[in-house]
Student: 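Below are the structure tokens for one structure; questions will follow.
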Protein chains: 2
Amino acid sequence: MTRTLALDDLIAALPEGMVVTDPDICGGYRQDRALDPDAAIPLAVVRAESTDHVVAAVRWCAANRVAIVPRGAGTGLSGGSGGVNGAITISTERMRTIEIDPVMRVAVVQPGLLNAEVKAAAAQHGLWYPPDPSSFEICSIGGNAATNAGGLCCVKYGVTTDYVLGMQVVLADGRAVRLGGPRLKDSAGLSLTKLFVGSEGTLGIITEVTLRLLPPQPAASTVVGSFASVHDATEAVLAITDRIRPAMLEFMDSVAINAVEDHLKMGLDRSAGAMLVAQSDSPGAAAAEEIAVITAAFEANNATEVFATDDVAEGEAFTVARRMAIPAVEKLGSLLLEDVGVPLPTLPDLVDGIAAIAAGREVMISVIAHAGDGNTHPLIVFDPDDTDQAARAQLAFGEVMDLAIGLGGTITGEHGVGRLKKPWLPDQVGADVMDISRRIKDALDPDHLMNPGTMF
Amino acid sequence: MTRTLALDDLIAALPEGMVVTDPDICGGYRQDRALDPDAAIPLAVVRAESTDHVVAAVRWCAANRVAIVPRGAGTGLSGGSGGVNGAITISTERMRTIEIDPVMRVAVVQPGLLNAEVKAAAAQHGLWYPPDPSSFEICSIGGNAATNAGGLCCVKYGVTTDYVLGMQVVLADGRAVRLGGPRLKDSAGLSLTKLFVGSEGTLGIITEVTLRLLPPQPAASTVVGSFASVHDATEAVLAITDRIRPAMLEFMDSVAINAVEDHLKMGLDRSAGAMLVAQSDSPGAAAAEEIAVITAAFEANNATEVFATDDVAEGEAFTVARRMAIPAVEKLGSLLLEDVGVPLPTLPDLVDGIAAIAAGREVMISVIAHAGDGNTHPLIVFDPDDTDQAARAQLAFGEVMDLAIGLGGTITGEHGVGRLKKPWLPDQVGADVMDISRRIKDALDPDHLMNPGTMF
């Protein structure tokens, strides 16, 4: 009763219709793309259209000690934007403005704009926003900043944090604060901007980001290699990264190749054990040299087929195929989606270890990877109606993270910890780092209202 | 008496001779390169040789509530490593190991190694560590990380934080903690590594950094332009950065040109009002295109002389001239060294405003700049024996920072806040950011033992 009365205050504090309590609509905000079965229907959803709306909603939550789940496009893959029982979900999906300053080469963007829309707006000014999660057409820039998202070109061009110069963030007490700004160099004070990137909504809600833009990417040349074994492919990855820094170096195993070919029917080699897609975008003669290095590395590691093209559209078709891998494999069953990264020399060990886990738990694990930076996405496929198999898949999910940690790697290269990987975070970073992190959390969100259950 | 007895415990806890209390030697640790007249002789100096030594020293300080000044090579330009009355200075100058992993392309470096030594060690493996403060031959990598140091190539290659993948840090309570690691992508937990970069020793002492290395920089082509007026030169900067991203774009005014020419006698145009030194290191035909853009921008903005060369040694001579500017101008009197940065389109306004401040306060202000990223070093020259002029120089020092803040800029692009710029930090970042920063400081260093007076 008290709760209902208080919700009336929230509804009254915001424009009509902005606070949604309809259970059907709220149900649409229960899960994100991680499909966490433990996610709950939010108490209410605030579809904010401005920083002021977020401020008003957070102030109400702070006054009433109601927890807050920040949410962008809802494409998170770690369950970090799924609903929490009794919590308000604050969605930034309707905050979609962008302003580009072509002289300063920055974009000031509200969090609900999609990554692809940022890229498109930059391109209209002859500029480029590099980070490119595979989900770039459906994921929002706010979520990208909150998870420090990566993508395919990151092996050469870095991840989201490398492009965030500043932001506006609404803190747990409802204050809207500006951090950083449109300056390439700024050593004034603690690096708060970088602290908030990747904080997964646990310290505040990002309501605006200032992004650094680059001159347009040069046209890329592409080399595709098929390999009889996964081992040959991972050895080829090491042979390439030892010599050059490709603009892209992607890996798909046999399951992923076949799942994608089922959809695209583009003539991928269904008999291959693994496939690599590499690109060079270096200008002039440098591209040809890099393509030669890649081709030689493929051939030296027993590639069964090597195809090289300078045609951008032809190369993009293979990038599309790689991006299609997760949705394509998803058709084979329910997925537990990993995001483990390891130091590159141990990539073959990781891939071998995953195969052993799959055999031991009798589940299918398809591996796709941003191989050039050691970031892999083992996809654990299971039948949700087979309780025993589902339980074995869960065990494998943890074992893959344990394996990565044992190899000196990370449980998440680009998706974030969210709720699904939280139990493994202390194993990776250790008790002292957890203690420092908790101290910062306590300092900025003493009542732990911001995105409870994520990371902490 | 208690203090003396306690110091005995510190001396006993460390190898013989590591704790220095000799006033003459301690006097050498009073100031850093900022020559802060308010710096004090440390109570003692610990010249640590390992993380364990730092841990032992910090534990003693924590137990005895003695403040700590972390210090690298002592080349800081904001007074952040100068001595504090009653505090222990912990110097990392003797922690100088480096291990390079050429496959992972990372260097694991102790903080006392000089920037130039990191570059040289990387080069032995055919690799490159880009950040290049002008003082790279005398500044330490630990200080670089603590201040988020920049340099000349940062306009294209980014600053120190962009290369720090992980670190070991000793917290205020004496715990040694590892943050991050040798992984290009890692979204696991809060971005603590990036928080500690640029924290200027206020949160802990960096005892090891893991640095990302790049393939070697391609040979650079250089274009030098002389201009009758500063205004023409700054307009040329905008014309270049609007089109391309040079590998270097440096500015020197007439005072700096003449001071450098006094030393190097390399034939710089003493009559010029300003000089720009630009480089392109893009491979193949791209370099020629960029050099053409730069040359055209120089000519379109009334350059009185344009000199282009593909000869690396010839180009390096001009880079050396630019790096020589601060020590050369320093011969003209005492210096107050600014580090203000502004959004690029306002660079001409900044330069004009600085001239007005110099006229108003009747002091000489020479301007040199990493013009391509808007980061300038106005050098306020004064006679220390002229009390009135010294006071006017101090007023001008603050006015230049006020000017930069008014233009949406920063009081420090790459040197850090230290003790000298602390009063201006709240004006730039605002009360809320100071509050967040203080909360983090309180959370990690509740007794405020770490580098008191710096930043906070």
Side-chain angles (χ1 to χ4, degrees), chain A residues 103-104 147-148 150 154-155 159 161-162 175 177 179 181-192 194-195 197-199 215 242 244-245 282-286 341 343-345 373-375 408-417 425 428-430 432-433 436-437 439-440 442-444 455, chain B residues 103-104 147-148 150 154-155 159 161-162 175 177-179 181-192 194-195 197-199 215 242 244-245 282-286 341 343-345 373-375 408-417 425 428-429 432-433 436-437 439-440 442-444 455:
Chain A
V103 177
M104 286 291 291
T147 56
N148 192 17
C154 304
V155 57
V159 294
T161 194
D162 299 316
R175 274 183 295 172
V177 180
L179 308 174
R183 296 174 289 273
L184 285 178
K185 281 182 182 167
D186 191 351
S187 287
L190 296 178
S191 301
L192 299 179
K194 302 287 190 192
L195 175 65
V197 175
S199 62
D242 197 28
I244 60 159
R245 200 181 177 201
S282 293
L344 262 185
D373 54 33
N375 179 210
T410 176
I411 58 171
T412 172
E414 57 183 9
H415 296 167
V417 175
L425 182 60
Q428 177 184 332
V429 301
D432 284 330
V433 168
I436 301 173
S437 303
R439 284 170 185 242
I440 292 172
D442 290 344
L444 299 189
M455 201 186 296
Chain B
V103 177
M104 286 291 291
T147 56
N148 193 16
C154 304
V155 58
V159 294
T161 194
D162 299 316
R175 273 183 296 171
V177 180
R178 291 202 170 276
L179 308 174
R183 295 174 289 272
L184 285 178
K185 281 182 181 167
D186 190 352
S187 287
L190 296 179
S191 302
L192 299 178
K194 303 286 190 192
L195 175 66
V197 174
S199 62
D242 197 27
I244 59 158
R245 199 180 176 201
S282 292
L344 262 183
D373 55 33
N375 179 210
T410 176
I411 59 172
T412 174
E414 56 183 9
H415 295 168
V417 175
L425 182 60
Q428 177 184 331
V429 301
D432 284 330
V433 168
I436 301 174
S437 304
R439 285 169 185 241
I440 292 172
D442 291 344
L444 299 190
M455 201 187 296

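Every chain is numbered from 1, with letters handed out A, B, ... down the list of sequences.
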Student: Against chain B, work out which of Leu444(A), Val159(A), Leu344(A), Asp162(A) has the most heavy-atom pairs shorter than 4.5 Å and name it.
Tutor: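 Of the candidates given, the most pairs with chain B belong to Leu444(A).
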Student: So how far is it from Ser199(B) OG to Leu195(A) CG, rounded to the nearest 0.5 Å?
Tutor: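 Reported to 0.5 Å precision, the distance equals 11.5 Å.
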Student: Counting C-beta onward and ignoring hydrogens, is there a side-chain heavy-atom pair between Leu190(A) and Met455(B) closer than 4.5 Å?
Tutor: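 Sidechains of Met455(B) and Leu190(A): in contact.
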Student: Can you name the salt bridge (Lys or Arg N to Asp or Glu O under 4.0 Å) partners of Lys194(B), sequence neighbours left out?
Tutor: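 Applying salt bridge (Lys or Arg N to Asp or Glu O under 4.0 Å) to Lys194(B) gives none.
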Student: Would you mind checking which part of Gln428(A) comes under 4.5 Å of any heavy atom in chain B, side chain (CB onward), backbone (N, CA, C, O), both or neither?
Tutor: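 Only the side chain of Gln428(A) comes within 4.5 Å of chain B.
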Student: Which atoms of Arg175(A) are under 4.5 Å from chain B, going by heavy atoms: the side chain, the backbone, both sets, or neither?
Tutor: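 For Arg175(A), the contact with chain B is made by the side chain alone.
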Student: Side chain, backbone, both or neither: which part of Pro343(B) has an atom under 4.5 Å from a heavy atom of chain A?
Tutor: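 Its backbone and side chain both get close to chain A.
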Student: Need one label for Asp432(A): side chain, backbone, both or neither, based on atoms under 4.5 Å from any heavy atom in chain B.
Tutor: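 For Asp432(A), the contact with chain B is made by backbone and side chain together.
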Student: So which atom in Ala188(B) and which in Ile411(A) form the shortest heavy-atom distance, rounded to 0.1 Å?
Tutor: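 The answer is CB-CG1, 4.1 Å.
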Student: Is the backbone of Gly408(B) close enough, under 3.5 Å, to the side chain of Arg183(A) for a donor and an acceptor to pair up by distance?
Tutor: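 Here the side-chain-to-backbone pair exists.
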Student: Which heavy atom of Asn148(A) sits nearest a heavy atom of Asp186(B), and at what distance?
Tutor: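 In terms of heavy atoms, the two residues are closest at ND2-O, 4.4 Å.
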Student: What part of Val103(A) gets closer than 4.5 Å to chain B, counting heavy atoms only: side chain, backbone, both or neither?
Tutor: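 Its backbone and side chain both get close to chain B.
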Student: Using a 4.5 angstrom heavy-atom cutoff, name the option from Gly413(A), Gly181(A), Ser191(A) with the most pairs to chain B.
Tutor: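 Maximum pair count with chain B is reached by Gly413(A).
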Student: Where on Leu425(B) is there a heavy atom nearer than 4.5 Å to chain A: the side chain, the backbone, both, or neither?
Tutor: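 Side chain only.
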Student: Would you mind checking which part of Val433(B) comes under 4.5 Å of any heavy atom in chain A, side chain (CB onward), backbone (N, CA, C, O), both or neither?
Tutor: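 The answer is both parts of Val433(B).
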Student: Hey, which of Asn375(A), Ile436(A), Ile244(A), Ile440(A) has the most heavy atom pairs under 4.5 Å with chain B?
Tutor: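 Most heavy-atom pairs within the cutoff with chain B belong to Ile436(A).
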Student: Can you check whether Met104(B) reaches Pro345(A) side chain to side chain, under 4.5 Å on heavy atoms?
Tutor: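 With C-beta onward as the side chain, the pair touches.
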Student: Which heavy atom in Gly150(A) sits nearest to a heavy atom in Lys185(B), and how many Å separate them?
Tutor: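 Here Gly150(A) and Lys185(B) meet closest at CA-CE, 4.2 Å.
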Student: I'd like to check Val429(A) versus Leu192(B) (side-chain heavy atoms, cut-off strictly below 4.5 Å). Are they in contact?
Tutor: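 No; the side chains remain at least 4.5 Å from each other.
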Student: With a 4.5 Å cut-off on side-chain heavy atoms, are Leu184(B) and Cys154(A) touching?
Tutor: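 Contact flag for Cys154(A)/Leu184(B) side chains = no.
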Student: I'd like to check Thr147(A) versus Ser187(B) (side-chain heavy atoms, cut-off strictly below 4.5 Å). Are they in contact?
Tutor: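 Side chain of Thr147(A) against side chain of Ser187(B), heavy atoms only: no contact under 4.5 Å found.
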